[in-house]
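No experiment lies behind these values; they were computed from the predicted model shown. So that the names make sense, note that chain A is the first sequence line, chain B the second, and so on, each numbered from 1.
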There are 2 protein chains.
Amino acid sequence: MTTSEAQTRSQAAARLRVAVPSVADRVAAELRLQLAEGRLLPGNRLTESTIAEELGVSRNTVREAFAELAAERLVVRHPNRGVFVASLAPGDIHDVYTVRRAIEVSAIRGGGGPERVAAVRAAVEEGKAAAAADDDEALGSANAHFHGAIVALAGSRRLDTIMSQVLAEMRLFFHKATVEADFYRGYLADNEEICAALEAGELDRAGRLLLAYLDRSEEKQTAVHGE
Amino acid sequence: MTTSEAQTRSQAAARLRVAVPSVADRVAAELRLQLAEGRLLPGNRLTESTIAEELGVSRNTVREAFAELAAERLVVRHPNRGVFVASLAPGDIHDVYTVRRAIEVSAIRGGGGPERVAAVRAAVEEGKAAAAADDDEALGSANAHFHGAIVALAGSRRLDTIMSQVLAEMRLFFHKATVEADFYRGYLADNEEICAALEAGELDRAGRLLLAYLDRSEEKQTAVHGE
DNA sequence: AATCGTCGGATTGTTGAACAATCGTCGCAA
DNA sequence: TTGCGACGATTGTTCAACAATCCGACGATT
């Protein structure tokens with residue numbers, strides 16, 4: 001026991017720290033979860049003392065967690081008024097899609113190695129399986145995986161985190177939009193076609209398809225969430 | 001005077017709020033400044049109590065400032081060990097340029113309105129003036145303005161903040177590289193050509209030029225900052 | 001002499017309490 | 001109705017304390 005522990009330690013010395021997440025991180029993770037599940041809705045207020053008591057932590061710790069979430073744009077701080085679950089205005093939707101267009105199209109044009117392309121393919125199949133099982137929840141997450149895999153083609157840690165933040169931000173206001181069952185369903189064919197083009201090495205075409213997809217998706221989102 | 005102050009304020013606070021930046025924000029700003037000026041070098045350790053005492057604030061406040069800076073990747077937190085000024089490995093340089101390629105090229109391909117193009121032109125002229133005045137410091141910042149203006153073409157708040165973070169990250173390790181006087185000087189012609197293509201509406205050409213520029217820049221950075 | 005365990009100092013992580021500053025609201029007066 | 005001031009609640013910030021953890025030094029064993 002002690003031996004394996006010591007081994008683990010010495011191995012992890014350089015980069016891979018076996019870091020126990022701090023309490024603040026766990027609080028942030030819990031809030032992130034509630035945000036993703038829609039238990040906290042945009043505009044909701046998060047009171048420090050309430051959350052501190054609910055989770056059995058100090059107010060200062062909650063505060064640190066808020067800082068994390070604010071950096072991820074999941075909540076907004078109104079000075080002296082409190083933090084609120086972020087709510088996206090119509091302009092923000094366009095803004096988010098502008099980021100997605102920049103990142104995803106650039107990533108897919110780079111191509112990426114075979115194993116990364118395989119990850120995209122896996123996400124496509126995951127979506128098909130979810131559709132077959134009629135699992136809307138799984139369908140949505142498969143779609144997120146697909147686009148995450150697209151960005152991962154670039155092999156950039158920074159692009160990956162940016163994308164994951166954008167996806168988290170979108171989940172925030174998808175809860176309202178996803179009530180209609182076949183919201184993602186129409187995108188399955190798109191994903192398949194994009195993936196096929198990617199596998200065939202037709203990067204330019206894949207890029208154009210993806211761009212068109214994003215434009216349509218933005219349009220739909222704007223309409224649904226619309227003002 | 002009052003005008004510029006008001007502008008700065010309205011930028012900082014999302015709403016029209018006359019929001020006095022919190023103490024934590026001011027601490028973060030101070031540290032950001034020291035980082036940009038090279039008074040804090042990559043790898044340096046930032047001790048909470050020391051900074052708290054130096055700036056006359058509480059340790060908790062310093063802690064919040066650290067959270068901000070960590071979210072911006074300017075510092076890294078080693079759990080239970082402290083926070084250190086971020087240092088970029090060769091891989092990180094490529095990573096940063098991957099983000100820049102995605103964002104800048106996408107933005108320039110979108111074109112943008114005349115006033116935004118004019119901002120790009122202004123940055124080019126600013127660079128020329130700095131070169132004429134032989135002011136290397138101003139030259140570097142003019143170059144940053146140029147690329148910031150490029151991204152601003154897209155008119156996306158999120159892209160703007162991402163870009164500013166990337167630029168801040170780059171400043172971190174530029175202090176070593178910029179010792180040679182004409183580091184940016186060679187880029188003046190590039191900027192002029194890119195700007196001209198943009199003004200002529202030749203967006204595709206502008207995109208290609210920018211891409212080539214970024215590739216060369218990455219190559220040079222990697223060489224200088226060597227392995 | 002070299003390696004290993006252990007101890008102690010220093011720093012971080014977290015808590016709890018306190019206080020000032022600020023905001024929203026409610027009631028009251030004109 | 002409109003304005004105004006006081007109250008209550010919440011945030012912003014500080015302080016002091018303690019546990020947890022890490023680093024380096026010291027000493028013991030081989």
Side-chain angles (χ1 to χ4, degrees), chain A residues 1-31 40 43-71 74-87, chain B residues 9 12-31 40 43-71 74-87:
Chain A
M1 275 303 204
T2 46
T3 323
S4 77
E5 279 180 14
Q7 272 185 352
T8 308
R9 287 230 166 146
S10 58
Q11 280 179 355
R15 277 269 171 179
L16 294 183
R17 275 243 171 255
V18 187
V20 166
S22 82
V23 176
D25 288 336
R26 272 177 291 170
V27 170
E30 169 63 23
L31 292 177
L40 291 173
N44 276 10
R45 181 175 181 180
L46 300 181
T47 311
E48 294 182 354
S49 44
T50 302
I51 294 181
E53 191 179 352
E54 276 180 7
L55 300 183
V57 299
S58 167
R59 208 163 63 96
N60 285 356
T61 303
V62 174
R63 201 153 236 283
E64 277 202 45
F66 281 171
E68 268 189 54
L69 298 177
L74 294 183
V75 303
V76 294
R77 290 190 100 131
H78 287 236
N80 289 317
R81 297 206 32 204
V83 314
F84 300 80
V85 179
S87 57
Chain B
R9 285 231 168 139
R15 315 270 181 198
L16 280 306
R17 279 260 170 258
V18 195
V20 163
S22 83
V23 177
D25 288 336
R26 273 177 290 168
V27 171
E30 169 63 23
L31 292 177
L40 291 173
N44 275 10
R45 179 175 184 180
L46 302 180
T47 310
E48 293 182 356
S49 44
T50 303
I51 294 180
E53 190 179 353
E54 277 179 7
L55 300 182
V57 300
S58 167
R59 231 186 71 191
N60 287 31
T61 303
V62 174
R63 201 154 237 280
E64 277 201 46
F66 281 171
E68 267 189 54
L69 299 176
L74 294 181
V75 304
V76 293
R77 290 189 97 130
H78 287 234
N80 290 316
R81 298 209 27 206
V83 315
F84 301 80
V85 179
S87 57

Heavy atoms only: give me the nearest B:Ala24-B:Ala65 pair and the separation to one decimal. O-CB, 3.6 Å

All side chain to side chain contact (heavy atoms under 4.5 Å, CB included) counterparts of A:Glu48, not counting sequence neighbours: A:Arg59, A:Arg63, A:Phe66, A:Arg77

Here DNA chain D, pairs taken as Watson-Crick or G-U under 3.5 Å and shown with ( ), [ ] when crossing and | when to another strand, reads ||||||||||||||||||||||||||||||

Nearest-Å distance for atom pair CZ/P, residues B:Arg45 and D:dC22: 12 Å

May I have the distance from B:Asn80 (atom CG) to D:dT21 (atom P), rounded to whole angstrom? 7 Å

Distance in Å, A:Glu53 CD paired with A:Thr47 OG1, rounded so as to fall on 0.5 Å steps: 11.5 Å

Atom pair distance, as rounded to whole Å: NE2 in A:His78 and C1' in C:dG24: 15 Å

Roughly how far, to the nearest 0.5 Å, is CD1 of B:Ile51 from CG of B:Leu40? 7.0 Å

From the list B:Val83, B:Leu69, B:Val85, side-chain contact (heavy atoms from CB on, under 4.5 Å) partner of B:Leu31 resolves to B:Leu69

d(B:Asn60 CG, A:Glu64 CD) to nearest 0.5 Å is 8.0 Å

Would you name the heavy atoms of A:Ala71 and B:Ala71 that are closest together and state the gap between them? CB-CB, 3.4 Å

Give me the atom names and distance for the closest heavy-atom approach of B:Val62 to B:Ala52. CG2-CA, 3.6 Å

Close N/O contacts between protein and nucleotides 14-17 of chain C (under 3.5 Å):
from: C:dT14; atom 1: OP1; to: A:Val23; atom 2: N; distance (Å): 2.4
from: C:dT14; atom 1: O4; to: B:Arg59; atom 2: NH2; distance (Å): 3.4
from: C:dT15; atom 1: OP2; to: A:Ser58; atom 2: N; distance (Å): 3.1
from: C:dT15; atom 1: OP2; to: A:Thr61; atom 2: OG1; distance (Å): 2.2
from: C:dG16; atom 1: O6; to: A:Asn60; atom 2: ND2; distance (Å): 3.0

How many whole angstroms separate atom CZ of A:Phe84 from atom C1' of C:dG24? 11 Å

Within the structure, does a side-chain N or O atom of A:Arg81 lie under 4.0 Å from either OP1 or OP2 of C:dG24? yes

Rounded distance in Å - CG (B:Leu55) to C1' (D:dT13): 15 Å

